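Numbers for residues simply follow the sequence, beginning at 1. Read the numbers this way: they start at 1 and go in the same order the structure lists the ligands and their atoms. Just so it is clear, the structure is predicted and the values come from calculations on it, not from any experiment.
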Amino acid sequence: MTYNITLIRGDGIGPEVIDSAKEVIEATGVPVEWDIVEAGNIAMQEHGNPLPASVIDSIRDNKVAFKGPITTPVGKGFRSANVRLRQELDLFANIRPIKSFKGVDSLHQDVDFVIIRENTEDLYAGIEHMVGEDAAESIKIITRKASERICKFAFELARAQCRRKLTLVHKANIMKLSDGLFLECGKKYAKLYDDILFEDVIVDAMSMKLVQFPQDYDIIVAPNLYGDILSDLSAGLIGGLGLAAGANVGHDMAVFEPIHGSALDIAGKGIANPTSAILSGIMMLRHIGESGPAERMEQALDKVFENKDNRTPDLGGNLRTEEFTQKVIDKMIG
Ligand code: ATP
């Protein structure tokens, strides 16, 4: 059986890291037919739209996509293509595993938790307007439906991954209605999943605790904005954006992508760290049921990192993207 997967190489370092991960995936022997579509800057130039309908249609057909970062032009008139993609396909859950690599210098070792971020609402609903000329208003939307759905998803994932504790992040002491509702939904599911230890932590305190004691966490669930910020903070704990994977998941569709952006400062130089993209590929293989090859990719990465010489420049080394990729493939098939 061949898997049909939509491939979006993206902007900046996107093509470099996605091609690397694609090569590693192909080296596992898992049969994939890539449906290559263009989004981001190229699509903007050719179709005047960074996210053409053909991209959405391809993902709807294939149900699985592998994607590089897409740049959003700063300023008025453009909505983020990433946010649009998540909203149009109702990819309501953003999953970011944060796991330290033995041998990679980082602020912490033995870190292994997953952040689950609500992906469709909160301040990202995109409802903003000027109030006169000197004030602007952004509306924060939190609904019971979306909050229950993400909390249930988080508890289910905790069970599926045999994790014992779920931490819900909020600021309900100040936003008593919106964050209060999110917390209420979490507490409702905590009663239904009483085999999982439940706690709630205010987002500012959580930021400090994560920096000090990240090993204390297992599954973290958060509304969109807090989840976004804590995800990057957490990537920093284990060595940076180049080392953390991500997935956007809906009821029957999923888009896998590295969590970093297009990093235009190093684009085209062949020095991007493809680990985040490779890790996203590993998540994708698990998602389609190819756990064995996923496991082999993961072990190969671990082995590559055991040797301190195997580092791209962002981690203090001098391997080029292609060289790093080849080392992972060699470890996998060697
Ligand atoms: P965007 O505007 O698309 O969000 P960005 O330039 O802000 O992109 P980030 O991903 O936020 O990019 O990265 C910030 C910086 O971290 C980059 O400028 C780059 O120097 C570094 N960086 C990010 N990802 C990688 C990577 N995979 N390999 C090496 N360096 C990276």
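- Atom 7 (O) of ligand 1 is not flagged as protein-proximal [any protein heavy atom, distance under 4.0 Å].
- Contacts between P69 and ligand 1 below 4.0 angstrom, taking non-hydrogen atoms only, are absent altogether.
- The proximity of I13 to ligand 1, defined as any non-hydrogen pair under 4.0 Å, is limited to the side chain.
- Remark: ligand 1 atoms within the under-4.0 Å shell around heavy atoms of L241 are 9 (P), 10 (O), 11 (O), 13 (O).
- Contacts between N273 and ligand 1, counted as non-hydrogen atom pairs separated by less than 4.0 Å, involve both the backbone and the side chain.
- When only interatomic distances are considered, the shortest N/O to N/O separation between T71 and ligand 1 does not fall below 3.5 Å.
- Checked for salt-bridge contact, D105 and K308 meet the test: a charged N lies under 4.0 Å from a carboxylate O.
- Taking a distance limit of 4.0 Å, we find that atom 15 (C) of ligand 1 is approached by no protein heavy atom.
- In the model, N307 has no side-chain atom that pairs as donor or acceptor with a side-chain atom of K327 under 3.5 Å.
- Side-chain polar atoms of N4 and N62 form no donor-acceptor pair below 3.5 angstrom.
- The 12-atom threshold is not exceeded at CG of N318, counting heavy atoms of other residues, nucleotides or ligands nearer than 6.0 Å.
- Numbered from 1 in the order shown, with element, the atoms of ligand 1 that lie under 4.0 Å from a heavy atom of H260 read 10 (O), 23 (C), 24 (N), 27 (N).
- Proximity to G261 (heavy-atom distance under 4.0 Å) selects the following atoms of ligand 1: 1 (P), 3 (O), 4 (O), 8 (O), 9 (P), 10 (O), 12 (O).
- Within a 4.0 Å radius of atom 21 (C) of ligand 1, the protein has no heavy atom.
- Using a distance-only test at 3.5 Å, with no hydrogens or angles considered, a donor-acceptor pair links the side chain of S100 to the main chain of V111.
- With hydrogens and angles left out, the side-chain atoms of E323 and T325 include no donor and acceptor closer than 3.5 Å.
- When each of V328, L319, L301 is paired with N310, the side-chain contact (heavy atoms from CB on, under 4.5 Å) condition holds for L319 and for no other.
- Looking at K140 and D179, a side-chain N of the basic residue comes within less than 4.0 Å of a carboxylate O on the acidic one, giving a salt bridge.
- Interface of S262 with ligand 1, defined as ligand atoms under 4.0 Å from a residue heavy atom, comprises 1 (P), 3 (O), 8 (O).
- Contact atoms of ligand 1 toward A272: 28 (N) (distance under 4.0 Å to a heavy atom of the residue).
- Among all non-hydrogen protein atoms, the one lying nearest atom 29 (C) of ligand 1 is I266 CD1, 3.4 Å.
- For atom 18 (O) of ligand 1, the closest non-hydrogen atom of the protein is D265 OD1, 2.7 Å.
- Counting only heavy atoms of the protein, atom 12 (O) of ligand 1 lies nearest to A263 N, 3.5 Å.
- At distances below 3.5 Å, not a single donor-acceptor pair connects side-chain atoms of R96 with backbone N or O atoms of G246.
- Inter-residue side-chain proximity for I219 and L157 is flagged as met; some heavy-atom pair is nearer than 4.5 Å.
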